[in-house]
Structures are given as C-alpha cells and as structure tokens.
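Below is one structure, written out as structure tokens; comments come after it.
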Amino acid sequence: MAAVSTPEREAFYKKIDGENLTALWTVMSDLITPEPKSACRPHLWQFAAIRNYMMEAGQLITAKEAERRVLILENPGLRGQSKITTSLYAGIQMVIPGDIAPAHRHSQSALRFVLGGKGAFTTVDGERTVMQPGDFVITPSMAWHDHGNETSEPMFWLDGLDIPLVQFLDASFAEGARDDQQKVARPAGDSFARYGHNLLPVGTKRGARTSPIFNYPYAHTREALEQARRRDEWDPCHGLKLKFSNPETGDYAMPTIGTFIQLLPNGFSTARYRSTDATVFAAIEGRGRTRIGEQVFEWGPRDLFVVPSWHWVTHEADEDAVLFSFSDRPVQEKLDLFREDRGNA
Ligand code: 1HN
C-alpha cells in the first residue's frame with residue numbers, strides 16, 4: 001500500500017531529499033515484497049548460435065589479448081550488468097588450439113561445465129586437468145588459473161561465477177601473474193587421487209570451504225546417475241537429481257554456488273516446483289522442454305536456460321536427458337533464506 005500523495009507531503013519529501021533522507025512509507029512496498037519479485041527473466045540460449053558467434057570472435061581476438069574469450073550470457077531483464085541471475089554470472093568460453101588464457105587469480109569462485117571439444121586443459125594452483133564434455137571443474141577463490149589447448153579442436157565450456165555476489169559485498173580482489181602459464185607443480189589427477197575415493201588423509205586439515213577435488217569427471221557423474229536409475233527411486237519434481245559435494249565437509253562443492261546433475265529419463269514429466277534460488281541449466285544429453293511460468297523452452301544438447309527465483313518450473317524429456325545446473329542455494333541455505341515449494345508433490 002503506497003501512501004497517498006498530497007502537496008504538503010510532496011513538499012516535505014523534496015525538502016528532506018536535499019538532506020539525503022527518504023520517507024520509508026514512500027518506498028516500503030518495493031523493499032518488502034510478499035514474494036520474490038525479480039527483474040531476472042526466463043530465457044534460453046541455443047548453443048549452435050553461440051558457437052557460430054564464438055568462432056567469429058576467434059577471428060577477432062586471441063585468448064591472450066582478451067584474457068578470456070567469453071560471450072557473457074546476459075539475462076534479458078538485467079542487460080548491461082553481466083548477470084544471468086541477480087547473484088550469478090555465466091558465460092560461454094572458447095579455447096582454440098594454441099590459445100593461452102593467461103594465469104590470474106581473483107576472489108570470485110568459478111565453475112566450468114564442459115560443453116564441447118576434448119582434451120584442452122586448465123591449470124589450477126599448480127595442477128593441470130585435461131577436460132572432457134560433461135566435466136565439472138572448479139576454480140576456487142584466489143586460486144591461480146590459466147587455460148590452454150594443445151589439441152586440434154576448439155573447446156567450449158560454460159563458466160559460472162559468483163561475480164554479482166562478490167560485487168554486492170564489495171569484496172573483489174584480483175591480480176595477474178608474471179608468467180602467462182603457471183608452473184605445473186603436481187601430477188595430473190593428484191587431487192582426485194587424494195580426495196576422490198572416500199578416503200581422507202589423517203593429520204592434515206586444509207580448512208578450505210571449496211572441495212579439494214577440482215575436476216568431477218563426467219564418466220563418474222554419468223555412472224552415478226546410471227546406478228541411481230537402477231534403484232528406480234524418482235523424485236516427482238526432479239527426476240533424479242544429485243548435488244556435487246565436497247568430500248571433506250559433505251557440503252556443496254563450492255561455498256557460494258551449488259552445482260547439480262539431473263537425469264530425466266525418456267518420457268519423464270516432472271511435477272511443478274519453485275524455489276528461491278534462480279537456477280542456470282545446461283543440457284548435456286537428450287532433448288526435452290521446460291515450462292517456466294507461462295513460457296515453454298525447447299532444449300537439446302548444450303543449450304542453456306535460466307529459471308528465475310520463485311517461478312513455477314516443469315521439465316519434460318523426449319529422450320534420456322541429463323541436465324547440469326547451478327544456483328546460489330548454498331548461500332541462501334546458510335542465511336536461512338532458502339525456500340522451496342513442491343506444489344502437491
Ligand atoms: C575468469 O577468470 C574466467 O578464468 C572466465 O576462465 C570468466 C569472467 C569474469 C572475471 C573472471 C576464467 C571470467 C573470469
């Protein structure tokens with residue numbers, strides 16, 4: 001309910017405005033909404049179109065000059081802000097044979113979800129990992145990272161970063177390295193060998209909130225989904241949905257971004273669901289459609305779409321489909337702000 005405007009009131013508002021004061025009763029209903037009211041809008045990007053633009057960008061600029069050759073996925077309701085949701089950033093990055101994306105580090109945490117190509121690498125804090133489609137790779141806050149591609153084909157991945165969240169908190173630090181490529185200090189597969197087998201070293205405590213595993217390979221992820229499929233325990237709202245977890249804490253793999261993998265078998269149709277965490281999806285296998293509010297989006301492999309906070313969503317698969325997704329759910333849960341509504345399911 002907005003307060004009625006009178007000439008006396010307007011004169012008063014104008015007078016206090018000069019003193020950097022505002023009357024709460026003129027803005028209160030915009031501040032405290034009965035339900036989430038976001039400028040973020042539902043949207044889908046077809047990978048085929050982005051891929052063509054990326055190839056064009058490959059002719060325009062090197063990864064070295066660009067630092068990162070990325071096309072940002074900007075939410076249509078948040079243009080000009082480099083945001084896919086109110087709290088998160090997403091982009092599509094291309095690393096072509098011979099590229100060097102130089103080493104740097106920053107407060108923002110990053111995830112990569114590999115969409116295409118095979119065998120390009122990223123080096124994170126001295127360990128190189130070779131990436132394949134479907135791999136989920138983490139760059140923790142303040143970890144040095146550089147990317148390269150010594151294969152003969154371009155590699156594409158989805159980047160997800162907590163940039164808007166860090167911006168909101170005015171907590172950004174960043175620096176470049178002296179050398180474009182950091183020294184490889186540990187053998188490939190070292191972090192997975194140490195932490196990927198449900199066994200943890202005794203007597204050392206890392207104390208980091210980000211998972212020590214920084215590449216969750218798709219072969220393992222897919223196998224976990226296949227094993228779970230045989231148990232035949234389907235969630236009406238999600239099909240089969242798993243969260244990537246930090247083996248040291250059991251919490252999400254990243255402190256600020258929750259990451260998930262989801263199997264929707266051929267013919268599966270989900271019950272409606274809504275939650276306060278606006279969520280970015282990447283299809284990796286299969287085809288289907290997702291209804292968000294009143295809009296329906298058809299997707300196939302490598303397409304990307306975004307579901308804003310508190311919008312009803314249902315998915316339907318026409319083939320066995322696998323969806324990767326990420327959101328700020330870990331942050332909302334820790335602040336006791338997360339809410340979900342499973343309809344009647
Ligand atoms: C970044 O460091 C990467 O390392 C990708 O690949 C996207 C967007 C903004 C700021 C830093 C990367 C980024 C980024």
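Just so you know, ligand 1 is whichever comes first in the structure, and atom 1 is the first atom listed for that ligand.
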Original post:
Under 3.5 Å, side chain of His106 to main-chain N/O of Gln108, donor-acceptor pair present?
Top reply: yes
Subject >> Flag, side chain of Arg206 to backbone of Thr210, donor-acceptor distance under 3.5 Å >> reply: yes
Give the atom numbers and elements of ligand 1 that come within less than 4.0 Å of a heavy atom of [X].
| X | result |
| --- | --- |
| Arg112 | 3 (C), 4 (O), 5 (C), 6 (O), 12 (C) |
| His106 | 1 (C), 2 (O), 11 (C) |
| His104 | 1 (C), 2 (O), 4 (O) |
| Asp159 | 5 (C), 7 (C) |

Looking only at protein heavy atoms, which one is nearest to [atom], and what is the separation?
| atom | value |
| --- | --- |
| atom 10 (C) of ligand 1 | Ile163 CD1, 3.9 Å |
| atom 12 (C) of ligand 1 | Arg68 NE, 2.9 Å |
| atom 6 (O) of ligand 1 | His147 NE2, 2.6 Å |
| atom 14 (C) of ligand 1 | Leu161 CD2, 3.9 Å |

Original post:
Mind checking whether Arg68 and Pro102 have side chains closer than 4.5 Å, heavy atoms only?
Top reply: yes
**OP:** Look at the rings of Phe244 and Tyr216 and say which category their plane angle falls in: under 30° parallel, 30 to 60° tilted, over 60° perpendicular.
**Re:** perpendicular
Original post:
Parallel, tilted or perpendicular: which fits the ring planes of Trp25 and Phe12, with parallel below 30° and perpendicular above 60°?
Top reply: parallel
Subject >> From CA spacing to verdict: side-chain contact (heavy atoms from CB on, under 4.5 Å), Leu78, Cys40 >> reply: CA-CA 6 Å; Leu78 304 165; Cys40 179; 4.2 Å; yes
Original post:
Is Trp157 in polar range of ligand 1, meaning some N or O pair under 3.5 Å apart?
Top reply: no
Original post:
Do any nitrogen or oxygen atoms of Tyr89 lie less than 3.5 angstrom from nitrogen or oxygen atoms of ligand 1?
Top reply: no
Original post:
Could you go step by step and tell me if Thr129 and Val124 meet the side-chain contact (heavy atoms from CB on, under 4.5 Å) rule?
Top reply: CA-CA 8 Å; Thr129 190; Val124 177; 5.9 Å; no
